[in-house]
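Single-structure report; data block below.
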Number of protein chains: 2
Amino acid sequence: MNLDARHQTMVTLAKVAEAAGVGESTVSRVLRNHGSFSRKTRDRVMEAVERLGYVPNRIAGTLASAGSRLVALVIPSLTNIVFADVLRGASAILEGNQHQAVFSVTEYEPEKEEALVAAMLAWRPTAVMLAGFEHSEGTVKMLRASGCRVVELLDLDGAAQDLAVGFSNRAAGSVSADFLLRRGYRKIGYVGHDLDRDTRAAKRFASFRERLGAAGFPLVDSEIHAGASSVEGGRLALERLLARMPDLDAVYFSNDDMALGGYFHCLARGIQVPERLALFGHNGLDIGRVTPQPLSTIRTPRVATGRVAAELVVTDAPAQVVDLGFELIEGATA
Amino acid sequence: MNLDARHQTMVTLAKVAEAAGVGESTVSRVLRNHGSFSRKTRDRVMEAVERLGYVPNRIAGTLASAGSRLVALVIPSLTNIVFADVLRGASAILEGNQHQAVFSVTEYEPEKEEALVAAMLAWRPTAVMLAGFEHSEGTVKMLRASGCRVVELLDLDGAAQDLAVGFSNRAAGSVSADFLLRRGYRKIGYVGHDLDRDTRAAKRFASFRERLGAAGFPLVDSEIHAGASSVEGGRLALERLLARMPDLDAVYFSNDDMALGGYFHCLARGIQVPERLALFGHNGLDIGRVTPQPLSTIRTPRVATGRVAAELVVTDAPAQVVDLGFELIEGATA
DNA sequence: TTTGAAATTGGTAGCGCTGCCAAAATATCT
DNA sequence: AGATATTTTGGCAGCGCTACCAATTTCAAA
């Protein structure tokens with residue numbers, strides 16, 4: 001790009017100052033509504049801003065002032081509504097506080113997470129928000145060195161670097177197990193997705209399984225769909241699981257997407273839910289409330305997680321762990 | 001924040017240069033792999049970078065060099081998977097080309113879109129991507145003045161400002177009408193969501209309705225769910241529509257989410273699909289492929305839209321309109 | 001009026017980096 | 001060896017803005 005051409009066209013603060021017949025710092029103060037200035041000056045400046053169509057350059061502003069007011073969200077997936085909800089909650093708060101959310105997607109790959117965190121840190125964000133506690137050594141080192149706030153989301157079972165907001169996946173897993181046991185199910189299976197990557201789902205599963213074992217009704221069998229969680233994955237995996245273990249009486253799914261797939265399988269095959277087979281999910285997605293039978297699941301505080309995380313960041317709160325809990329939804333599938 | 005404290009801690013390019021015993025510009029060249037330098041110098045610099053844990057400051061870099069390599073995506077909603085898919089496509093390409101996606105959500109509100117575009121322009125992005133052609137006057141003016149590339153997504157029925165990528169919603173609407181007519185449906189209704197905001201859905205509906213009228217079988221009735229599109233909205237709206245018009249033989253939905261809600265309503269009420277009532281959606285979401293009966297719908301090129309848009313931007317392609325088309329999915333609900 | 005305090009303003013030195021240019025080092029050729 | 005091309009380097013002036021400070025103006029009290 002031709003720099004000179006750009007410089008001729010670009011409206012800068014200096015040009016506004018000249019047009020308004022005031023000093024640069026005055027324009028800066030007026031625009032940021034910071035410091036003092038007379039009403040008359042303000043009007044003159046605003047008139048010039050309007051007339052020239054001036055748009056402040058935050059790049060320059062940030063460089064000069066240290067605070068970028070950018071918050072980086074590094075999330076595993078956008079396909080998963082869970083993270084879209086977190087983003088929604090966070091954006092809402094950030095926008096109301098002159099901050100900007102910047103996000104990128106790791107596809108659940110730690111190496112990608114590391115690369116993205118590096119890229120984000122180059123923008124000197126106020127904070128970086130990540131899913132969960134499991135990060136590569138390099139990621140942790142960079143974050144620590146950067147000095148910016150770190151918020152780990154949607155997990156509490158582990159050691160937080162700085163701030164953490166969410167709920168305990170282990171608790172969710174055992175509550176789910178207790179519920180199924182209380183309802184009298186005894187031959188329980190599990191349908192999940194790639195657990196190496198989704199460590200939060202892995203924690204739920206581990207805890208679920210432990211609880212069943214402790215109650216004397218150990219998990220009968222499990223089927224892991226290779227790949228990311230999806231409705232289709234849930235359907236296929238349940239089909240495979242039932243082929244092996246036709247007399248299961250309940251299945252716990254790694255999340256609602258997978259559970260929905262399982263439910264569709266049952267509908268398609270005429271398997272009576274929950275009489276013949278009970279289904280239990282995790283997340284409490286809206287769609288699960290509207291299926292012919294509402295899904296039995298656990299509602300997780302997704303939007304609230306984003307919101308609270310953002311609030312902690314904008315208020316520069318001290319390091320802490322915030323447990324937002326979750327809610328059992330009895331539904332009609334278990 | 002205390003500036004001095006920060007300055008003491010921050011590793012800057014100058015410190016790396018000093019540690020490596022070379023000049024600043026040499027470090028800059030090595031890090032950007034631009035210009036020439038000896039192998040030995042490169043190693044010395046990289047060693048220092050490694051040792052000090054230096055992370056380049058892109059804020060400063062951008063200010064000095066003019067190109068931010070940021071691409072702003074201003075989308076209506078994250079709840080709607082459509083936009084998540086666009087983002088996914090765009091991110092993938094941008095990341096592979098040293099660009100960063102920055103996004104924010106308008107909630108379908110034009111005033112919010114305008115505010116967000118202003119906020120994004122402050123970061124001097126390479127391009128701004130928006131949904132559709134309908135923007136406030138202020139938004140258009142700002143974009144024009146900014147001189148950055150503009151990409152309008154998922155719509156072709158209107159006048160593009162610069163680049164446009166997507167498909168024709170009007171065409172999708174008439175193809176949908178033709179399909180239902182070809183199948184022999186004659187008493188057709190419509191279930192949609194807030195059309196003032198989702199202008200693309202409005203275009204589909206308008207075209208759908210025109211086509212039915214032209215064929216001599218005008219739309220019998222329609223029911224608009226107040227609020228954003230959702231599965232629940234579809235279910236409730238279909239229920240209301242059928243209460244008024246019990247003898248409809250087919251319903252066209254504003255999108256798959258709404259259609260899914262309608263489908264669930266039919267399942268719950270035992271309404272035979274498609275014999276008693278046919279359902280037709282729009283978007284071709286994955287979940288619609290896995291329901292007991294796959295949804296009849298139109299698959300839209302969402303990920304490709306994001307991908308192509310990003311490619312056009314990174315290659316600095318000339319202004320143009322790219323039609324990615326769509327695909328009819330016959331499914332089993334119509 | 002005088003005086004001091006308070007409110008308002010402008011000048012200017014950076015923020016950390018890149019682009020340009022000239023200088024230095026190295027390689028290649030008579 | 002000397003001269004010329006080539007590669008490699010460092011210095012430094014900005015990029016557009018904000019923080020800081022000093023200068024100026026305004027206001028109120030004495």
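By convention in this document, chain letters (A, B, ...) are assigned in the order of the sequence lines, proteins followed by strands, and residues within each chain are numbered from 1.
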Measure the distance from [atom1] on [X] to [atom2] on [N] and round it to the nearest whole Å.
X	N	atom1	atom2	value
E24(A)	dT12(C)	CD	P	11 Å
R39(A)	dT26(D)	CZ	C1'	18 Å
K40(B)	dA25(C)	NZ	C1'	11 Å
H34(A)	dT9(C)	NE2	P	16 Å
R44(A)	dT9(C)	CZ	P	9 Å
R58(B)	dC15(C)	CZ	C1'	17 Å
F37(B)	dT8(D)	CZ	C1'	11 Å
L52(A)	dG16(D)	CG	P	15 Å

For the side chain of [X], starting at C-beta, report the closest nucleotide among [options].
X	options	answer
L63(B)	dC15(D), dC17(D), dT8(D)	dC15(D)
R32(B)	dT9(C), dC17(D), dG19(C)	dG19(C)
T26(A)	dC17(C), dG10(C), dG16(D)	dG10(C)
N57(A)	dG10(D), dC17(D), dC17(C)	dC17(D)

Under 3.5 Å, is there an N or O donor on one side and an acceptor on the other linking the side chain of [X] and the base of [N]?
X	N	value
S65(B)	dG19(C)	no
R29(A)	dG10(C)	yes
S25(B)	dG11(D)	yes

Should M129(A) and V313(A) be marked as a side-chain contact (heavy atoms from CB on, under 4.5 Å) after you check the CA-CA gap, both sets of side-chain angles, and the distance that decides it?
CA-CA 10 Å; M129(A) 300 189 184; V313(A) 166; 3.9 Å; yes

* Identify, between V22(B) and L13(A), the residue whose nearest nucleotide on DNA chain D lies closer to the 5' end. =>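 Going by which nucleotide is closer to the 5' end, it is V22(B).
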
Practice item. On DNA chain D, check which nucleotide each of S38(B) and V27(A) is closest to and give me the residue with the more 5' one. Key: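 Its nucleotide being nearer the 5' end, the pick is S38(B).
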
For this session: State whether S36(B) places a side-chain N or O below 4.0 Å from either non-bridging phosphate oxygen (OP1 or OP2) of dT9(D).
Result: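 Indeed not, no polar side-chain atom of S36(B) lies that close.
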
*Between T41(A) and dT9(C), is there a side-chain N or O to OP1/OP2 distance below 4.0 Å?*
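Looking at the OP1 and OP2 atoms of dT9(C), one of them is under 4.0 Å from a side-chain N or O of T41(A).
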
Using side-chain contact (heavy atoms from CB on, under 4.5 Å), reason through L163(A) and Q320(A) one step at a time and then give a plain yes or no.
CA-CA 5 Å; L163(A) 294 156; Q320(A) 63 191 284; 3.8 Å; yes

### Test: E134(A) and K203(A) ion pair at under 4.0 Å
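Looking at E134(A) and K203(A), the cut-off is met.
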
- Are more than 12 heavy atoms from other residues, nucleotides or ligands located less than 6.0 Å from atom CD of E95(A)?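 Enclosed.
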
### Task
Name the orientation class of the two ring planes belonging to F103(A) and F103(B) (parallel below 30°, tilted from 30 to 60°, perpendicular beyond 60°).
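F103(A) and F103(B): tilted rings.
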
